[in-house]
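Sequential numbering from 1 along the given sequence is applied to the chain's residues. Atoms within a ligand are numbered from 1 in the order they appear, just like the ligands themselves.
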Amino acid sequence: MTIQEAIQEYDDFRQQTRQTDSLQAIDNPLLHRIGETADALGLECYVVGGYVRDIILQRPSKDIDVVVVSPDKTPSPGIQLAQALAKALGKGAHVSVFRNFGTAQLKWHEHEVEFVGARRESYNRDSRKPIVEDGTLDDDLHRRDFTINALAVCLNEAKFGHFIDLFDGLLDLEDGIIATPLDPDITFSDDPLRMMRCIRFATQLRFQIEEETAEALKRNAERIKIISQERIIDELNKIMMTPSPSIGFIELSRSGLLPLILPEVAALEGVESRNGKAHKDNFYHTLEVLDNVASNEASLWLRWAALLHDIGKPRSKRWDNTAGWTFHNHNYIGQKMVTPLFRRMKLPMDERMNYVEKLVGLHMRPIAIADDEVTDSAVRRLLFEAGEDIDDLMRLCEADITSKNREKKQRFLQNFQLVREKLIDLQARDNYRTWHNPITGEEIMETYALQPCREIGILKQAVKDAIWDSVIPNDHDAAFQFMLQKAKELGLEPVKACERHAST
Ligand code: ATP
Ligand code: MG
């Protein structure tokens with residue numbers, strides 16, 4: 001069968017027709033050039049893996065992977081082909097060679113092609129680094145992770161477009177199934193990263209994980225421990241960036257991987273009831289919030305804030321005979337959990353982490369304001385604390401309203417609208433996003449001839465509170481007068497020069 005026939009079969013199954021120009025991805029000049037160059041060198045070559053899968057699925061095609069086979073077993077045929085091709089393409093082509101891996105990468109205009117010799121791999125139990133030998137195309141396809149990723153198309157001119165599908169990957173593409181080509185227990189045990197990839201593809205493509213494969217995930221979950229955190233987070237972030245990340249998190253939970261990689265999120269799962277009163281399942285609630293922000297094309301970090309917004313709940317959960325289940329201060333407890341989680345997960349410990357922390361800490365505030373009277377001073381305080389992340393905070397909070405009670409949901413959304421209107425109003429009056437305290441520590445130290453000490457912090461905080469609560473206006477003179485008064489209460493006396501300054 002040719003790739004064109006495979007595409008036709010897929011389209012017939014899906015009862016769809018596609019634009020003929022989408023076949024460009026396979027019938028294009030660069031792929032023909034690769035085949036001709038290989039012919040001249042006496043090498044066989046195939047485009048494989050994700051590129052072939054994505055052509056059939058009509059997904060935007062990315063990097064091209066080419067497997068090269070040398071019939072007379074000359075070493076590193078991938079490098080040989082890449083270099084010959086670069087020469088043939090002339091100016092504009094650039095090759096990087098990785099001798100240790102026997103691979104080469106060619107960049108030509110917007111294309112990126114990876115060349116590798118066909119290989120055969122065997123594993124030992126303690127590492128995901130295989131023992132690699134030269135192999136045939138069949139060997140190479142046998143080491144691939146999923147049937148839908150083990151497809152190949154021949155590029156040599158005589159057989160150009162010939163479609164190779166050893167494990168019925170085309171059928172799995174039609175049925176929307178993720179399955180391993182070999183025994184899934186071996187596939188996952190050999191390289192446990194494939195478990196994360198399995199769930200990532202299921203989420204990105206909205207495919208089902210085949211039953212045996214899903215069972216093997218459960219049996220091999222523990223082996224994820226030999227995989228580096230960087231690789232895990234890479235896959236997790238790809239799951240996070242899909243339109244419905246909940247699909248991936250449900251699979252992570254079902255397979256037993258979630259408690260191993262994100263125990264804080266796994267701990268949200270479950271419902272407890274007392275005296276007939278049950279609290280909601282915070283895991284499913286969290287996934288709903290995450291999907292809500294994802295459906296608005298949120299950034300990766302807003303998605304992380306959504307995923308983590310309630311992680312303080314398990315630790316703050318109490319039963320109260322009159323109030324029922326309570327989660328007091330879960331936002332602050334959750335906020336404190338962000339830094340250790342980011343450190344462990346090898347997520348960036350910079351302003352992106354601070355942003356997630358801030359949103360987790362503040363996520364109850366707009367709700368509390370909307371639930372009560374929406375006063376200027378409450379909204380102003382919120383604006384000061386959220387700063388330039390106020391819009392994202394509001395998006396998170398709106399996504400957080402997952403009540404099934406329509407009336408209740410409507411009331412919250414209406415009050416939120418009120419908060420938003422006040423926010424716009426206040427922003428127009430003052431530039432709160434870039435607010436800073438008009439009284440600095442230096443000024444306090446100068447005024448009272450102080451060395452750095454506790455009182456300075458107390459005074460700055462008092463000034464900040466007074467402005468944020470609209471006790472005094474947001475300007476230096478009012479703040480300075482207020483500071484003098486507060487300092488007096490603390491028993492501080494200004495030195496002479498500053499008394500003069502204060503009275504002008
Ligand atoms: P995408 O590029 O969209 O992430 P992909 O399938 O192209 O998806 P890559 O990581 O680019 O994934 O890998 C290219 C191909 O290499 C895969 O299609 C698969 O055949 C093979 N592959 C990648 N990683 C593994 C792995 N850990 N185990 C087995 N085969 C793998
Ligand atoms: Mg790829």
Distance from atom 7 (O) of ligand 1 to nearest protein heavy atom, with residue and atom: G50 CA, 3.4 Å
So for V48 against ligand 1, with non-hydrogen atoms under 4.0 Å, the contacting part is neither
Begin with the C-alpha distance, continue with both residues' side-chain angles, and end with the deciding distance and a verdict on ring-ring contact (aromatic ring centres under 6.0 Å, His included) for H309 and H285. CA-CA 11 Å; H309 79 284; H285 162 70; 5.4 Å; yes
Within 4.0 Å of some non-hydrogen atom of R143, the atoms of ligand 1 are 29 (C), 30 (N)
Output yes when the distance from some N or O of ligand 1 to some N or O of D191 is under 3.5 Å, and no in every other case. yes
For atom 28 (N) of ligand 1, which protein heavy atom lies nearest, and how many Å away is it? R194 NE, 2.7 Å
For Q204, does the CD atom sit with more than 12 other heavy atoms under 6.0 Å from it, leaving out its own atoms? yes
Applying a heavy-atom cut-off of 4.0 Å, say which part of F146 lies close to ligand 1: side chain, backbone, both or neither. neither
Ligand-side contact atoms (ligand 1) for residue partner D65, heavy atom cut-off under 4.0 Å: 14 (C)
Looking at atom 20 (O) of ligand 1, what's its closest protein heavy atom, distance included? N149 O, 2.8 Å
Among M196, R200, K238, which residue places a heavy atom closest to atom 1 (P) of ligand 1? R200
Atom 17 (C) of ligand 1: which protein heavy atom is closest, and how many Å away? R197 NH2, 3.6 Å
Atom 11 (O) of ligand 1 sits nearest the protein heavy atom D63 OD2, 3.9 Å
Do other residues, nucleotides or ligands put more than 12 heavy atoms under 6.0 Å from the CZ atom of R120? no
Ranked by distance from atom 16 (O) of ligand 1, the top protein heavy atom is R144 NH1, 3.2 Å
Would you mind checking which non-hydrogen protein atom is closest to atom 19 (C) of ligand 1, with the distance to 0.1 Å? D145 OD1, 3.6 Å
Please check: side-chain N/O of S255 versus main-chain N/O of L252, any donor-acceptor pairing under 3.5 Å? yes
Does the pair H142 and F167 meet the rule for a ring-ring contact (aromatic ring centres under 6.0 Å, His included), with working shown? CA-CA 9 Å; H142 275 81; F167 310 102; 5.0 Å; yes
Got more than 12 heavy atoms from elsewhere within 6.0 Å of CD, Q4? yes
So that I can tick it off, tell me whether R420 and E398 are bridged by a salt bridge, with the cut-off set at under 4.0 angstrom between side-chain N and carboxylate O. yes
Minimum-distance protein heavy atom relative to atom 8 (O) of ligand 1: R53 NH2, 3.3 Å
Using only heavy-atom distances, determine whether the side chains of D12 and Q8 contain a donor-acceptor pair under 3.5 Å. yes
Apply the test side chain to side chain donor-acceptor pair (under 3.5 Å) to residues T242 and R206: give CA-CA distance (whole Å), side-chain angles for both, the deciding distance (0.1 Å), then the verdict. CA-CA 10 Å; T242 63; R206 291 174 169 261; over 6 Å; no
